[in-house]
Amino acid sequence: MTSRYRVEYALKTHRRDEFIEWIKGLLVVPFVLHAGPTVNEMKTVEISRARYAEIFRDVEQLIRDKSLPHLSRLRSLVPSIGTFFTELPLERAFLEQDPKRAISARRLVSPSFNDIRLILNTAQAMALADGEHPLKLVTFDGDVTLYDDGMSLLKDDPVVARLIKLLSRNLYVGIVTAAGYPDKSGANYIVRLKGLVDAIQESTDLTSDQKNNVYVMGGESNYLFRLKGSEAELEWISPRDWTISEVTKWQESDMCELLDTAQSVLSHSRAHMNLQSSTLIVRKERGVGLVPREGHVICREVLEEVVLTAQRRLEATAVAGRVSFSAFNGGHDVWVDIGDKRLGVLSLRRYLGAIEGDQALHVGDQFASVGANDFKARMAACTVWIASPKETVDIMDELVEYLG
Ligand code: IMP
Ligand code: MG
C-alpha cells in the first residue's frame, strides 16, 4: 500500500516533470472511460489503444508546431517545456511500448509516469535514427546510468558491448559525469571505466580511429580527456582547446566565492541537521560536497532538504549570475559543482566539430528540475531519461535497432 507520505512526497514540484504529468493527465481520461468491467475484453483493449494512440498523435503534432516559441500552443499548455531538437514520433513509440508494458490491456492501473518516460525515450531514439542529420555523439552520465551508484564499469557489464557497438558505427561516445578529478593523468576516471577501457584495447572489431573516439568530461564541464584506446590511457586536453566563450569569461575569484558560499551553506545544514558525526565536507578545485562517512547513510529527505537549501541560497547570490553551478542530490551525497552538463555536452559538441543538437544524445538518470544534474543537458542535446544501467542497455539496443 502506498503511504500517504509517499504520495505527497511524489507530488512535490521538484520531483515532477510537468510535460510527463500533463501527458498523464490526458491519458487518464480514456483510462477512466474504459476502466469498468467489460464484456468484450479484446474490444476494450482495442478501443483503449486507439484512444491512447490518438492522444500521442496529437501531442506529436503539437511538438511539430514550428511557430515562434512564445506563440507555441504547447508552451501555453506546458509553460516549463524546453526546446525539442527533433520531432518525436510518439504514436509509433507508444505502439512499440504498448505490448511490452500492457498499457492498453490494463484496467486497474492507469498509464504511469514510467510508461510515458519510456515512450518518450523510444520516440527520441526513433527520431535520432530517422533524423535529417546523422547522429554523431552519444554522451552518458556515470553513476546509475553506466554503472550502479558508486560502482565501476566491468568488462562483462552488458553496457560495455553496447558502447563498443556505438563506436563501431563511427559514433563518438562521451562520459559526462559530475565526478571531478583535476589530476591530468585521468587515473581516477580509468578506475571507474576500467571494463570499457580494457574491452576497447582488446577489441579486434574496432579500428584504431574508432578506439580513440571516447571522451570523458569530468566535473560536469571542467575536465576533458580523450581515451587513447590502444594504450588504455586517458589523454588530458587543455581547456584552451575546448572551453567555450561563455565559460572563458568566468573569473577565478567568482568561482571561489561561489564554492565558499556553497561550503558555508552545506556546513550550516550539516550542523543544523545533526550530521556532524555521520558526514564530511569535501572541498575540491571545482566542487564541494556533503558526503557520508564510511558506514553511514544520509536519508533521502535530508539529502533533498540540503540540496534544495543550497540551490535556493546560491540562486540568491550575485555571483550565481556570473558563474553557472550545479547543486544536486547524488543519491548518497549532495554536491555543488562549478559548471553544468549543458556546458559539458555543448563543449564536446563544439570540440568534436560543429555537431548540432539534433545529432547528439545524452543518456542520464537525473532529470528532475531541481536537485538533479542531467537536467541541464536537455538544453544542449536530445536526451533519454533512464532509471538504471539496465534501462541504458535497453534504450541502446533500441537505438541500434532503429539505426539499422
Ligand atoms: P554522475 O552520476 O556520473 O554525474 O556522478 C555523480 C556522483 O559522483 C556523485 O553522486 C558523487 O558521489 C560523485 N562525485 C565524486 N566527485 C564529485 C565531484 O567533484 N562533484 C560531484 N560529484 C562527485
Ligand atoms: Mg547519475
Side-chain angles (χ1 to χ4, degrees), residues 138-153 157 159 163 173-183 186-196 214-225 255-256 258-259 262-263 266 279-294 296-298 300 302-304 306-307 310-311 314 323-345 348 362-368 371-378 380-381 383-392 395:
V138 186
T139 60
F140 297 85
D141 160 61
D143 290 62
V144 182
T145 301
L146 287 181
Y147 29 77
D148 286 325
D149 208 4
M151 307 305 279
S152 300
L153 264 185
D157 284 350
V159 77
L163 292 168
V173 166
I175 290 116
V176 179
T177 171
Y181 308 110
D183 169 22
N188 288 296
Y189 295 113
I190 290 277
V191 170
R192 301 299 295 276
L193 303 172
K194 188 84 175 82
L196 176 65
V214 176
Y215 288 80
V216 177
M217 177 64 83
E220 320 279 356
S221 53
N222 282 298
Y223 312 107
L224 183 61
F225 296 85
M255 294 192 251
C256 202
L258 194 135
L259 288 181
Q263 184 166 345
L266 294 181
T279 63
L280 293 168
I281 297 280
V282 177
R283 175 78 179 245
K284 295 193 180 179
E285 183 191 52
R286 291 280 192 263
V288 56
L290 177 75
V291 302
R293 285 182 202 269
E294 182 119 20
H296 290 269
V297 175
I298 315 176
R300 188 179 64 183
V302 169
L303 289 168
E304 296 229 339
V306 174
V307 79
Q311 177 77 33
L314 289 167
V323 172
S324 303
F325 71 94
S326 306
F328 73 99
N329 167 0
H332 295 290
D333 46 20
V334 172
W335 283 86
V336 177
D337 291 322
I338 299 292
D340 59 50
K341 292 197 182 184
R342 175 181 76 87
L343 295 166
V345 175
L348 260 179
H362 179 72
V363 183
D365 66 296
Q366 290 226 341
F367 283 99
N373 67 340
D374 290 303
F375 178 71
K376 288 199 180 156
R378 275 191 185 157
T383 52
V384 297
W385 181 351
I386 55 77
S388 66
K390 159 85 172 62
E391 281 194 9
T392 303
I395 194 67

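Remember, it's 1-based here, ligands and their atoms both numbered in the order they're listed. Values below: every heavy atom of this structure, side chains too, minus hydrogens, waters and symmetry copies.
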Is Asp365 close to ligand 1, meaning an N/O of one under 3.5 Å from an N/O of the other? no

For Arg283, the salt bridge (Lys or Arg N to Asp or Glu O under 4.0 Å) test, sequence neighbours excluded, returns Asp260

Atom 12 (O) of ligand 1: which protein heavy atom is closest, and how many Å away? Asp333 OD2, 2.5 Å

Nearest protein heavy-atom contact for atom 2 (O) of ligand 1: which residue, which atom, what distance? Asp141 OD1, 2.7 Å

Among Asp141, Val176, Val363, which one satisfies side-chain contact (heavy atoms from CB on, under 4.5 Å) with Asp374? Asp141

Can you find a heavy atom in the side chain of Leu193 that is under 4.5 Å from one in the side chain of Tyr147? yes

To the nearest 0.1 Å, how far is atom 21 (C) of ligand 1 from its closest protein heavy atom, and which atom is that? Asp337 OD2, 3.1 Å

Between Tyr181 and Tyr189, what is the ring plane arrangement, given parallel below 30°, perpendicular above 60°, and tilted in between? perpendicular

For ligand 1, which atoms sit closer than 4.0 Å to a heavy atom of Lys341? 4 (O)

Is the number of heavy atoms from other residues, nucleotides or ligands within 6.0 Å of NZ (Lys284) greater than 12? yes

Starting from atom 14 (N) of ligand 1, which protein heavy atom do you reach first, and at what distance in Å? Ala179 CA, 3.8 Å

So is Gln366 touching ligand 1 or not, going by heavy atoms under 4.0 Å? no

Once you measure the plane-to-plane angle for Phe367 and Trp385, does it fall in the parallel (<30°), tilted (30-60°) or perpendicular (>60°) bin? tilted

For residues Leu343 and Asp340, determine if any side-chain heavy atom of one lies less than 4.5 Å from a side-chain heavy atom of the other. yes

Please confirm whether Tyr147 comes within less than 3.5 Å of ligand 1 when only nitrogen or oxygen atoms on both sides are compared. no

Counting both backbone and side chain atoms, is some N or O of Phe328 under 3.5 Å from an N or O of ligand 1? no

Closest approach of any protein heavy atom to atom 5 (O) of ligand 1, naming residue and atom: Asp143 OD1, 3.4 Å

Arg192 side chain vs Met151 backbone, donor-acceptor pair below 3.5 Å: yes

Which protein N, O or S atoms lie under 2.8 Å from the Mg ion (ligand 2), given by chain and residue number? Asp141 OD2, Asp143 O, Asp365 OD1

Check step by step if side chain to side chain contact (heavy atoms under 4.5 Å, CB included) holds for Phe140 and Val159. CA-CA 11 Å; Phe140 297 85; Val159 77; 5.5 Å; no

Any N or O of Thr177 that comes nearer than 3.5 Å to an N or O of ligand 1? yes

Heavy-atom contacts with Lys284 under 4.0 Å: which atoms of ligand 1 show up? List them by number with element. 15 (C), 16 (N), 17 (C), 18 (C), 19 (O)

With a 4.0 Å cut-off on heavy atoms, is Gly142 in contact with ligand 1? yes

